[in-house]
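Single-structure report; data block below.
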Amino acid sequence: MQTFDAQEWAKEIRKHKNPLVVAGEGCEMISLDGKPLVAYAADLAKALSCPVAATGNVSLSLQEQGGEVKTKKVWLAELFRYLQDGWEEPLLAERPDLLLLIGYRPEMVQGMVACTQGISIAHLGPGELASAQLTMEETPLVEWKRRLDELVSAFK
């Protein structure tokens, strides 16, 4: 497990040319001191000038955040199949080289992530995803919020 350092994470994330934020149902269910997790997904997408693949009804929540982020509802299993079988998703013209997972418990995505070749994974919590290159361990909500705030600020 690496120590979280927002500047180092931002530096590592910036190395990628085709990132994709992947926002799960936790983005709708979790609020960190009044700021919904979906707002962090939108902030990161804006900072990286990348789209958001949104599962469930997260795409509607992203539109409510101001609609400035290109988003599309994508089934998670479908997304990972495209990553293995040949990229077919029009959300990005080319296969992403980095997935920023937010709003997913590690046990939900571990199997899919483990089967993915040639793509970096950043898991933004909650909880540690063992197969991710960047991951946040389970931490109190106040600390998780602080880390996400620092990460978003590191891109400015």
Side-chain angles (χ1 to χ4, degrees), residues 2 4-83 87-106 108-109 112-113 116 118-129 131-136 139 141 143-156:
Q2 75 274 5
F4 178 79
D5 179 311
Q7 294 299 322
E8 287 299 315
W9 275 47
K11 182 179 172 183
E12 185 63 32
I13 290 168
R14 279 190 190 109
K15 291 179 183 178
H16 296 86
K17 302 205 182 314
N18 205 25
L20 177 63
V21 173
V22 184
E25 73 173 327
C27 288
E28 288 199 306
M29 299 167 51
I30 298 170
S31 180
L32 301 173
D33 196 26
K35 183 174 180 176
L37 194 57
V38 70
Y40 286 101
D43 289 347
L44 288 165
K46 287 181 219 172
L48 296 169
S49 300
C50 73
V52 178
T55 58
N57 290 322
V58 177
S59 60
L60 297 175
S61 297
L62 281 164
Q63 290 172 0
E64 292 170 4
Q65 292 296 313
E68 301 172 31
V69 175
K70 181 180 176 183
T71 186
K72 182 177 178 206
K73 183 175 183 172
V74 178
W75 298 108
L76 190 61
E78 179 181 49
L79 175 69
F80 278 92
R81 185 182 62 82
Y82 288 158
L83 292 171
W87 187 249
E88 300 175 22
E89 178 51 57
L91 186 59
L92 277 174
E94 297 177 24
R95 183 178 191 253
D97 59 353
L98 170 68
L99 299 181
L100 293 113
L101 303 175
I102 186 166
Y104 294 102
R105 296 287 312 159
M108 182 179 183
V109 293
M112 289 182 255
V113 167
T116 305
I119 295 178
S120 295
I121 305 292
H123 183 256
L124 306 178
E128 183 178 359
L129 179 61
S131 55
Q133 286 73 31
L134 298 170
T135 187
M136 293 186 196
T139 187
L141 293 181
E143 176 63 15
W144 186 25
K145 178 186 182 346
R146 184 189 65 76
R147 290 177 180 190
L148 289 174
D149 286 336
E150 285 180 6
L151 183 60
V152 169
S153 292
F155 288 109
K156 294 178 180 176

Are Leu79 and Tyr82 side-chain neighbours, meaning at least one heavy-atom pair lies under 4.5 Å? no
Can you list the steps and then say if Glu150 with Arg147 is a salt bridge (charged side-chain N to carboxylate O under 4.0 Å, His left out)? CA-CA 5 Å; Glu150 285 180 6; Arg147 290 177 180 190; over 6 Å; no
At what distance, to the nearest 0.5 angstrom, does CE of Met108 lie from OG1 of Thr55? 6.0 Å
Return the minimal non-hydrogen interatomic distance between Gly127 and Pro106, and the atom names on each side. C-CG, 3.6 Å
Please check if atom CD in Glu94 has more than 12 non-hydrogen atoms from other residues, nucleotides or ligands closer than 6.0 Å. no
Within a strict 4.5 Å, meaning less than it, do heavy atoms of the Leu20 and Leu100 side chains meet? no
Spatial distance of atom CD (Glu68) from atom NZ (Lys70) [nearest 0.5 Å]: 16.0 Å
So, do Ile30 and Trp144 sit near enough that their side-chain heavy atoms are less than 4.5 Å apart? yes
How long is the span from the OH atom in Tyr40 to the CD1 atom in Ile102, to the nearest 0.5 Å? 9.0 Å
What's the shortest heavy-atom distance between Cys50 and Val21, and which atoms? SG-CG2, 3.8 Å
Would the number of heavy atoms belonging to other residues, nucleotides or ligands and lying under 6.0 Å from NZ of Lys11 be above 12? no
Side-chain contact test, heavy atoms from C-beta onward, threshold under 4.5 Å: evaluate it for Pro51 versus Thr71 and give yes or no. no
Report yes if some heavy atom in the side chain of Leu62 is under 4.5 Å from a heavy atom in the side chain of Lys73; otherwise report no. no
Distance check, rounded to the nearest 0.5 Å: Leu37 atom CG versus Leu124 atom CG? 8.5 Å
Begin with the C-alpha distance, continue with both residues' side-chain angles, and end with the deciding distance and a verdict on side-chain contact (heavy atoms from CB on, under 4.5 Å) for Leu129 and Val113. CA-CA 9 Å; Leu129 179 61; Val113 167; 4.0 Å; yes
Reference residue Ser120; test side-chain hydrogen bond (donor to acceptor under 3.5 Å, both in side chains); the match among His16, Lys15, Glu12: His16
Distance-only, no hydrogens or angles: does the Ser49 side chain make a donor-acceptor pair with backbone N or O of Ala45 under 3.5 Å? no
Please check if the side chain of Asp97 supplies one atom and the backbone of Ile119 the other of a donor-acceptor pair under 3.5 Å. no
Scanning both residues in full, the closest heavy-atom pair of Lys35 with Ala39 reads CE-CB, 3.7 Å
Evaluate the side-chain proximity of Val38 to Glu28: yes if any heavy-atom separation is below 4.5 Å, no if none is. no
For Met112 and Leu76 the tightest heavy-atom approach is CE-CD2, 3.7 Å
Exam field: side chain Asp5 to backbone Glu8, donor-acceptor pair closer than 3.5 Å: yes
As an exercise, state the distance from CZ of Phe155 to CH2 of Trp9, rounded to the nearest 0.5 Å. 10.0 Å
For Glu25, look at atom CD and say whether over 12 heavy atoms of other residues, nucleotides or ligands are found less than 6.0 Å away. no
When you compare the side chains of Glu128 and Thr135, does any donor N or O come within less than 3.5 Å of an acceptor on the partner? no
Check the pair Phe80 / Leu83 against side-chain contact (heavy atoms from CB on, under 4.5 Å), numbers first and verdict last. CA-CA 5 Å; Phe80 278 92; Leu83 292 171; 3.9 Å; yes
Is the shortest distance from a Lys or Arg side-chain nitrogen in Lys72 or Glu89 to a carboxylate oxygen in the other one below 4.0 Å? yes
Nearest 0.5 Å, please: how far is CG in Leu44 from CD1 in Ile13? 7.0 Å
Between Ala23 and Cys27, which heavy-atom pair has the shortest distance, and what is it? CB-SG, 3.8 Å
Please report the C-alpha distance between Met136 and Leu148 in whole Å, then the side-chain angles of each, then the deciding distance to 0.1 Å, and finally whether the side-chain contact (heavy atoms from CB on, under 4.5 Å) criterion is met. CA-CA 10 Å; Met136 293 186 196; Leu148 289 174; 4.1 Å; yes
CA sep, side-chain torsions, deciding dist, call: Phe4, Leu134, side-chain contact (heavy atoms from CB on, under 4.5 Å): CA-CA 9 Å; Phe4 178 79; Leu134 298 170; over 6 Å; no
When you measure from the side chain of His123 to the backbone of Tyr104, do you find a donor-acceptor pair of N or O atoms at a distance under 3.5 Å? yes
